[in-house]
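Remember, it's a predicted structure, so these values are computed and weren't measured experimentally.
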Amino acid sequence: VQLQASGGGLVQAGGSLRLSCAASGFTFDDYAIGWFRQAPGRAREGVSCISTLDGSTYYADSVKGRFTTSSDNAKNTVYLQMNNLKPEDTGVYYCAAEPDYYCSGLDLHYYDMDSWGKGTLVTVSS
């Protein structure tokens, strides 16, 4: 199971970014894909999750209404559209695979530790 996040960058508060998570090495729609982030000096936290089987989604309260996750199964890719970004959204963003058809939640223990790839840095300036 291999995942690689990309698409990070520097953006002003109120701006938008779209992250991509490219998957390989497994049957894509056998897994749910989660997005996580880690700010400097803070623990990694869950942001969103999507079932690539039926498209159902789950979001952390802090990003509801601003972030949208989607999947393109033909490309084995999951996206995270981030709108109205805030400085507190700054951090390294990672994607990870949950070995289940549907999202169980955003706790780290649901996700395959071997699937974490290198993250992508998002910096939101005020």
Side-chain angles (χ1 to χ4, degrees):
V1 177
Q2 292 185 336
L3 298 171
Q4 180 62 58
S6 62
L10 174 64
V11 64
Q12 289 188 331
S16 298
L17 280 175
R18 189 177 81 155
L19 306 183
S20 298
C21 174
S24 62
F26 62 100
T27 303
F28 190 64
D29 56 9
D30 282 352
Y31 288 74
I33 304 296
W35 283 99
F36 297 81
R37 65 188 180 189
Q38 188 165 16
R42 300 188 65 179
R44 194 169 296 188
E45 64 174 354
V47 174
S48 68
C49 179
I50 184 167
S51 164
T52 57
L53 182 65
D54 71 356
S56 55
T57 55
Y58 187 89
Y59 296 94
D61 288 344
S62 59
V63 305
K64 280 181 182 176
R66 300 189 299 122
F67 290 12
T68 302
T69 186
S70 60
S71 69
D72 184 337
N73 289 23
K75 296 182 178 180
N76 282 9
T77 301
V78 167
Y79 302 98
L80 183 67
Q81 177 67 43
M82 305 185 295
N83 298 329
N84 190 20
L85 281 161
K86 303 176 181 181
E88 52 263 43
D89 294 318
T90 293
V92 178
Y93 282 69
Y94 303 87
C95 52
E98 176 185 355
D100 201 334
Y101 293 125
Y102 305 104
C103 298
S104 298
L106 297 176
D107 289 334
L108 294 177
H109 72 272
Y110 292 127
Y111 295 84
D112 183 347
M113 294 305 297
D114 291 333
S115 70
W116 295 90
K118 291 183 180 179
T120 186
L121 177 62
V122 172
T123 304
V124 184
S125 63
S126 57

Taking atom CZ of R18 and atom OG of S6, what is their separation to the nearest 0.5 Å? 9.5 Å
Do side-chain atoms of S115 reach the backbone of A97 as a donor and acceptor pair under 3.5 angstrom? yes
Looking at side-chain heavy atoms only, is the closest gap between V92 and T120 below 4.5 Å? no
Working to the nearest 0.5 Å, report the span between OG of S24 and CG of L3. 7.5 Å
Give the C-alpha distance, both sets of side-chain angles, the deciding distance and a yes or no for side chain to side chain donor-acceptor pair (under 3.5 Å) between T77 and D72. CA-CA 5 Å; T77 301; D72 184 337; over 6 Å; no
Ignoring hydrogens and geometry, is there a side-chain-to-backbone donor-acceptor pair from S20 to Y79 under 3.5 Å? no
Could you tell me whether D89 and K86 make a salt bridge, using a distance below 4.0 angstrom between a side-chain N and a carboxylate O? no
About how many Å separate OG1 of T68 and CE of M82, when rounded to the nearest 0.5 Å? 11.0 Å
Nearest atoms (heavy-atom pairs only) where S51 meets C103: N-SG, 3.8 Å
Give me the atom names and distance for the closest heavy-atom approach of Y102 to S56. CD2-OG, 4.2 Å
Is there a path of hydrophobic side-chain contacts, each under 4.5 Å between heavy atoms of I/L/V/M/F/W/Y residues, joining Y94 to L19? no
What one should report as the nearest heavy-atom pair of V78 and I50 is CG1-CG2, 3.9 Å
Side chain of T123, backbone of L10: donor and acceptor closer than 3.5 Å? no
Do you know the tightest heavy-atom contact between Y59 and T69? OH-N, 2.8 Å
Would you say the side-chain atoms of T52 pair up with the backbone N or O of F28, donor to acceptor, closer than 3.5 Å? yes
F67 and Y93 aromatic ring geometry - parallel, tilted or perpendicular at 30°/60° bounds: tilted
In this structure, OG of S48 is separated from CG of L106 (nearest 0.5 Å) by 7.0 Å
Got a donor-acceptor contact below 3.5 angstrom from the S62 side chain to the A60 backbone? no
Establish, yes or no, whether a centroid distance under 6.0 Å links the rings of F36 and Y111. yes
May I ask you to decide if G91's main-chain N or O and R37's side chain share a donor-acceptor pair within less than 3.5 Å? no
Nearest heavy-atom contact between R66 and N84 is NH1-O, 3.0 Å
Hey, could you give me the CD/OG distance between Q81 and S70, rounded to the nearest 0.5 Å? 8.0 Å
Between W116 and Q2, is a side-chain contact (heavy atoms from CB on, under 4.5 Å) present by the stated rule, with each step listed? CA-CA 7 Å; W116 295 90; Q2 292 185 336; over 6 Å; no
side-chain contact (heavy atoms from CB on, under 4.5 Å) evaluation trace for T90 with V122: CA-CA 5 Å; T90 293; V122 172; 5.8 Å; no
For C21 versus I33, what's the shortest heavy-atom pair and its separation? SG-CG2, 4.2 Å
Are V63 and L80 connected into the same hydrophobic cluster when the rule is that any two of I, L, V, M, F, W, Y join if their side-chain heavy atoms are below 4.5 Å apart? yes
Might you confirm whether atom CD of E45 has over 12 heavy atoms from other residues, nucleotides or ligands at distances under 6.0 Å? yes
Would a 4.5 Å heavy-atom cut-off, applied to side chains only, mark F26 and Y31 as touching? yes
Sequence neighbours excluded, the answer for side-chain contact (heavy atoms from CB on, under 4.5 Å) partners of Y110 is E98, S104, D107
